[in-house]
There are 2 protein chains.
Amino acid sequence: MSMLNTAGVPRSLREAGMKCSNCPARDSAVCADCDSDELRALEKIRSFQKFAPAQEIIAAQEPIRFVGNIVSGVVKLTRLMADGRRQIIGLRFKGDLIGRSASELADHDANAVTEVMLCKFRRKEFHSLLERYPNVMQRNLDMTLSELDDAHEWLVVLGQKTAREKVATFLCLLADRIGENHGRNARSFDIPITRDEVADYLGLTIETVSRQISRMKASGLIRLEGTRHVHVPDLAALLDASAGDAEGGVFP
Amino acid sequence: MSMLNTAGVPRSLREAGMKCSNCPARDSAVCADCDSDELRALEKIRSFQKFAPAQEIIAAQEPIRFVGNIVSGVVKLTRLMADGRRQIIGLRFKGDLIGRSASELADHDANAVTEVMLCKFRRKEFHSLLERYPNVMQRNLDMTLSELDDAHEWLVVLGQKTAREKVATFLCLLADRIGENHGRNARSFDIPITRDEVADYLGLTIETVSRQISRMKASGLIRLEGTRHVHVPDLAALLDASAGDAEGGVFP
DNA sequence: CGAAGCATTGACAGTTGTCAAAGATAGTGG
DNA sequence: CCACTATCTTTGACAACTGTCAATGCTTCG
């Protein structure tokens, strides 16, 4: 049994026959602000699909058939260079939107990382629905702006931060999005992707990622169970120690 | 007289008393698809402002009073880290939109690079106008998606490309946006920003940028007049030579 | 139990950053 | 109009961080 399989069809959705009112992503998805009228319109063009880990959701350069809200699970978005170098341009979590209604073709791949439950809307219908429901379009625009903010933030990470800071930033991102709270600043979570993928996300090599994680472990900033499960005793300390070039252990 | 002052109030706008129909950015701005009804609504909340080179247009962490279309000139968007490291997260050109109607506060600085003419819309009015004119909101959404694509593209540049490829990519970007056409693949243009700013855009140091430019000059991939004006005889060759790690001159 | 894939660690190399100095360029004021 | 100064750019020498190559260890799965 995989530790990462946190994304099975949520019980609440199964029991309720996939009613929006019980959807785990209800508060953060594109339908967050919808009134009952808008919700009915969305339900008409909606369907659910489950994706297995590593399964392709959307392929770059191919037609987009749907946009989809993530109900549960983690998705990675990847861009590939002609010579094979790859950059993960984002991870997407519960509530995030995959695909876009305005484009015929996808410009990057989207793959399930964990098991993923997706609430899909047929693309063209969704697009024309936006014109009739300005609130939904506004919500769509807000979510896109939020994606843009994330991308800008990541430009700083890739352009300015050291390897150590990059890894620390990555762990904090996960702590925010999928971490369990163990007190004010303590979090624990599974790293949903391989070291290889972390490297492609951070613009580093797999070896550098591995070394940085080992260093953080050695200095007590994080604890590991297996290679995937992380416990961060103090998020702030993790970021600080990575910014200042702290050497040696935590204790004087 | 500065070579860079390509952004004075365009004659067409002055003579026409700033009519939208004569606006140089008419085809690419947020008003691109507007009918006369929408255009009138926009004109009511519109005003023009000229910014001098280096002048601040929008300040991070401060209230946004307007969104603005660039009529002419170049704008840089900057994010600052607590310790002073900076990342230029984008350059904006004629037709691009600055600011966003959905946010109270700016999350990055916007500064004029050349002289800039901006067509401003008061933020709140613009925002409420979007609800009444879905076409305008759709256009706003499309432009935001396009910004997102650019940001994703730049993530690949920062995360995967070598110093040389980064500089080549940067020059090609300028060639696309502000280059004069001198035949199929030949372009010439002014680099609107300093080496320092180029470095902050590419996640490099000023010295590395300078060296890469010198190398390109030495191998005949570019020609320089002064430090700012560039002539690229062959855009494709510039990118190729940077991808393959070509050494030495152009001739065998 | 063996094989395959993933992760860690080590030794070394190379690209890029840092520090330093000299050369250009542009703007200012006499 | 020219000299002066501040800023920007280039170039060099060297250091350091990160990448490359290689070997070992760990985990999973058949």
Take the protein atom CG of B/Leu158 and the nucleotide atom P of C/dT16, then report the distance between them rounded to whole Å. 13 Å
Tell me, do B/Asp200 and B/Val198 make a side-chain contact under 4.5 Å, heavy atoms counted? no
Figure out the CG/P separation between B/Leu204 and D/dT18, and round it to whole Å. 14 Å
Just to verify, what does A/Thr194 make a side-chain contact (heavy atoms from CB on, under 4.5 Å) with, not counting sequence neighbours? A/Asp196, A/Glu197, A/Arg228
Between A/Lys161 (NZ) and D/dT18 (P), how many Å, whole number? 14 Å
Whole-Å gap separating C1' (D/dT9) and CZ (B/Arg215): 18 Å
Calculate the interatomic distance between B/His229 atom NE2 and D/dT9 atom C1'; express it in whole Å. 18 Å
Which heavy atom in B/Thr227 sits nearest to a heavy atom in B/Ile191, and how many Å separate them? O-CD1, 4.5 Å
Per the salt bridge (charged side-chain N to carboxylate O under 4.0 Å, His left out) rule, what does the pair list look like for residues 173-189 of chain B, sequence neighbours excluded? B/Asp96-B/Arg177
Any salt bridge (charged side-chain N to carboxylate O under 4.0 Å, His left out) involving residues 66-75 of chain A? Give me the pairs, sequence neighbours left out, ordered by first then second residue. none
Find the bend of the helix from C/dC1-D/dG30 to C/dG30-D/dC1 as the angle between its two terminal axes (five pairs each), to the nearest 10°. 40°
I need a per-nucleotide contact map over nucleotides 7-12 of chain C, read 5' to 3'. Cutoff is protein heavy atoms under 4.0 Å; write B for the base, S for backbone only, - otherwise. SBBBB-
Side-chain donor-acceptor pairs of residues 150-159 of chain B under 3.5 Å, sequence neighbours excluded:
unit_1   : atom_1 : unit_2   : atom_2 : d
B/Glu153 : OE1    : A/Arg79  : NH2    : 2.4
B/Trp154 : NE1    : B/Tyr201 : O      : 3.1

Output the distance between atom CD (A/Glu225) and atom CZ (A/Arg223), rounded to the nearest 0.5 Å. 7.0 Å
Separation of D/dC8 atom P from B/Asp190 atom CG, nearest Å, is 17 Å
Atom CD of A/Gln160 and atom P of D/dT18 are separated, to the nearest Å, by 13 Å
Less than 4.0 Å between a side-chain N and a carboxylate O, is that true for B/Arg100 and B/Glu147? no
